[in-house]
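All remarks here apply to the structure that follows.
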2 protein chains.
Amino acid sequence: MHTESCSDGNSIRHLISNVSEDELSDLAELFKMFADSTRIKILYDLINGEKNVTEICDDLEMNQSAVSHQLKLLKTAKLIGARREGKQMIYFLADDHVKTIIAMGKEHIEE
Amino acid sequence: MHTESCSDGNSIRHLISNVSEDELSDLAELFKMFADSTRIKILYDLINGEKNVTEICDDLEMNQSAVSHQLKLLKTAKLIGARREGKQMIYFLADDHVKTIIAMGKEHIEE
DNA sequence: TATTCATGTGAACAGAGATTCATATGTTAA
DNA sequence: TTAACATATGAATCTCTGTTCACATGAATA
């Protein structure tokens with residue numbers, strides 16, 4: 001016998017043990033968020049604590065529109081959260097996974 | 001006073017504590033390797049042990065050229081290694097960081 | 001050495017994504 | 001309600017990158 005092994009019928013040739021193709025796509029999507037300089041800088045910036053958009057722009061020395069566009073992506077990916085405070089929007093890291101993932105990356109680089 | 005704080009003169013406005021802009025770019029470059037479905041599948045495939053190109057192609061159900069191109073990128077990034085064995089090239093994960101990083105990603109997704 | 005199998009690679013094409021520009025939305029203060 | 005500030009967003013542009021196609025390279029075998 002040599003038939004389907006994935007119970008969900010979603011398989012890249014029964015190989016990738018127990019992991020559906022969708023799950024791997026989601027993984028790729030997640031890592032995409034870390035795969036851009038601007039977004040990494042934003043995430044890294046927020047490790048120092050929550051900040052509003054203007055502060056982030058100043059820190060990164062980038063124009064507000066570019067930053068806002070990336071903030072939106074990060075928020076959609078649920079890597080950051082936001083709340084309004086008067087005229088300003090305060091952004092912050094959603095959870096500790098972000099720090100952990102970045103830390104793992106740094107570790108690999110400094111091998 | 002409020003001048004340069006990074007000793008190397010490489011700063012995104014002294015913010016990103018102790019981390020040079022280059023270092024953050026390297027991080028982004030690293031995560032780019034995980035940010036594509038094909039590459040993630042290859043990496044995940046190799047978690048099951050070393051494989052030659054044909055096996056990987058079969059597993060992913062992708063044509064050989066596409067896979068080879070991605071293998072080259074992964075090798076350049078030092079996430080995988082390779083050795084020749086007769087006509088075949090055997091690819092394998094370079095170290096455990098790959099597994100760790102993927103595991104972190106999965107953990108975040110399954111939150 | 002000619003052939004076949006396994007893999008690598010350059011060029012071309014297509015699609016995705018990042019930045020900019022202009023402008024819209026939302027909030028506070030005058 | 002008007003003005004000023006803070007942020008969001010759509011469209012256009014430009015760049016980057018993944019796949020395909022055709023072919024090159026390398027190794028084993030007849």
Side-chain angles (χ1 to χ4, degrees), chain A residues 12-13 21-22 24-46 50-92, chain B residues 12-13 21 24-46 49-92:
Chain A
I12 329 175
R13 205 151 192 73
E21 188 147 6
D22 285 346
L24 290 174
S25 289
D26 288 347
L27 257 185
E29 289 307 309
L30 171 64
F31 285 121
K32 260 177 204 162
M33 291 301 111
F34 296 85
D36 171 76
S37 279
T38 299
R39 287 192 295 269
I40 275 272
K41 286 176 194 168
I42 292 174
L43 292 174
Y44 215 97
D45 198 22
L46 293 181
E50 52 181 35
K51 304 202 176 180
N52 65 42
V53 179
T54 303
E55 286 172 322
I56 298 172
C57 293
D58 288 349
D59 287 345
L60 306 205
E61 292 175 329
M62 289 191 62
N63 93 58
Q64 178 265 319
S65 182
V67 170
S68 268
H69 279 296
Q70 299 310 323
L71 284 170
K72 184 174 189 178
L73 293 178
L74 290 170
K75 188 150 178 295
T76 302
K78 295 184 179 167
L79 294 182
I80 64 178
R83 71 166 185 282
R84 182 170 283 283
E85 208 162 88
K87 302 186 215 175
Q88 314 174 25
M89 289 295 286
I90 312 290
Y91 284 91
F92 48 87
Chain B
I12 330 174
R13 206 155 190 69
E21 188 147 4
L24 290 174
S25 289
D26 288 347
L27 257 185
E29 289 306 309
L30 171 65
F31 285 120
K32 262 177 202 160
M33 290 302 111
F34 296 86
D36 171 77
S37 279
T38 299
R39 287 191 296 269
I40 275 272
K41 286 175 193 167
I42 291 174
L43 292 174
Y44 215 96
D45 198 23
L46 293 181
E50 52 181 35
K51 304 202 176 179
N52 66 42
V53 179
T54 303
E55 287 172 322
I56 299 172
C57 293
D58 288 349
D59 287 345
L60 305 205
E61 293 175 329
M62 289 191 62
N63 94 58
Q64 178 265 319
S65 182
V67 170
S68 268
H69 279 297
Q70 299 310 325
L71 285 171
K72 183 174 189 180
L73 292 178
L74 290 169
K75 188 150 177 294
T76 302
K78 295 182 178 167
L79 294 181
I80 63 178
R83 71 166 186 281
R84 182 171 282 282
E85 208 162 88
K87 301 187 218 176
Q88 314 175 23
M89 288 294 287
I90 313 291
Y91 285 92
F92 48 87

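Residue numbers begin at 1 in each chain, while the letters A, B, ... track the order of the sequences.
Closest to the side chain of A/Met62, out of D/dT19, C/dT19, D/dA8, is C/dT19. Distances from the side chain of A/Ser68 to the nucleotides C/dT9, C/dA18, D/dT9 place D/dT9 closest. When each of C/dT7, D/dT20, D/dT7 is scored by its nearest atom to the side-chain atoms of B/Gln88, the top-ranked nucleotide is C/dT7. Of the listed nucleotides (D/dT7, C/dT7, C/dA18), D/dT7 has the atom at the smallest distance from the side chain of A/Val53. Residue A/Met89 places its side chain closer to D/dT7 than to any other of D/dA22, D/dT7, C/dT19.
OP1 or OP2 of C/dT19 has at least one side-chain nitrogen or oxygen of A/Thr38 nearer than 4.0 Å. The phosphate of D/dT17 (OP1 or OP2) has no side-chain N or O of B/Gln70 nearer than 4.0 angstrom. When the side-chain nitrogen and oxygen atoms of B/Lys87 are compared with OP1 and OP2 of C/dT4, none of them lie within a distance under 4.0 Å. Residue A/Tyr91 places none of its side-chain N or O atoms closer than 4.0 Å to OP1 or OP2 of D/dA6. Of the side-chain N and O atoms in A/Arg39, none sit less than 4.0 angstrom from OP1 or OP2 of C/dG17. A sub-4.0 Å separation between OP1 or OP2 of C/dG8 and a side-chain N or O of B/Lys72 is absent.
Position along DNA chain C of the nearest nucleotide to A/Arg84 versus A/Asn63 favours A/Asn63 as the more 5'-ward residue. Between A/Gly86 and A/Asp36, the one whose closest nucleotide on DNA chain C sits nearer the 5' end is A/Asp36.
Counting heavy atoms from C-beta on, the side chains of A/Thr54 and A/Gln88 never come closer than 4.5 Å. A heavy-atom distance below 4.5 Å is found between the side chains of A/Leu71 and A/Ile56. With contacts defined as side-chain heavy-atom distances shorter than 4.5 Å, the pair B/Leu79/B/Leu30 qualifies.
Residue A/Glu29 holds its CD atom at 11.5 Å from OG1 of A/Thr76, rounded to the nearest 0.5 Å.
B/Gln64 contributes no side-chain N or O that forms a donor-acceptor pair with the base of C/dA6 under 3.5 Å. Interface remark: the B/Thr54 side chain does not form any donor-acceptor pair with the C/dC5 base, using a distance-only criterion of under 3.5 Å. In this model, a side-chain donor or acceptor of B/His69 finds a partner on the base of D/dT20 within 3.5 Å.
Among the heavy atoms of the strands, none lies under 4.0 Å from B/Ile56.
A side-chain hydrogen bond (donor to acceptor under 3.5 Å, both in side chains) with B/Ser68 holds for exactly one of B/Gln64, B/Gln70, B/Lys72; it is B/Gln64.
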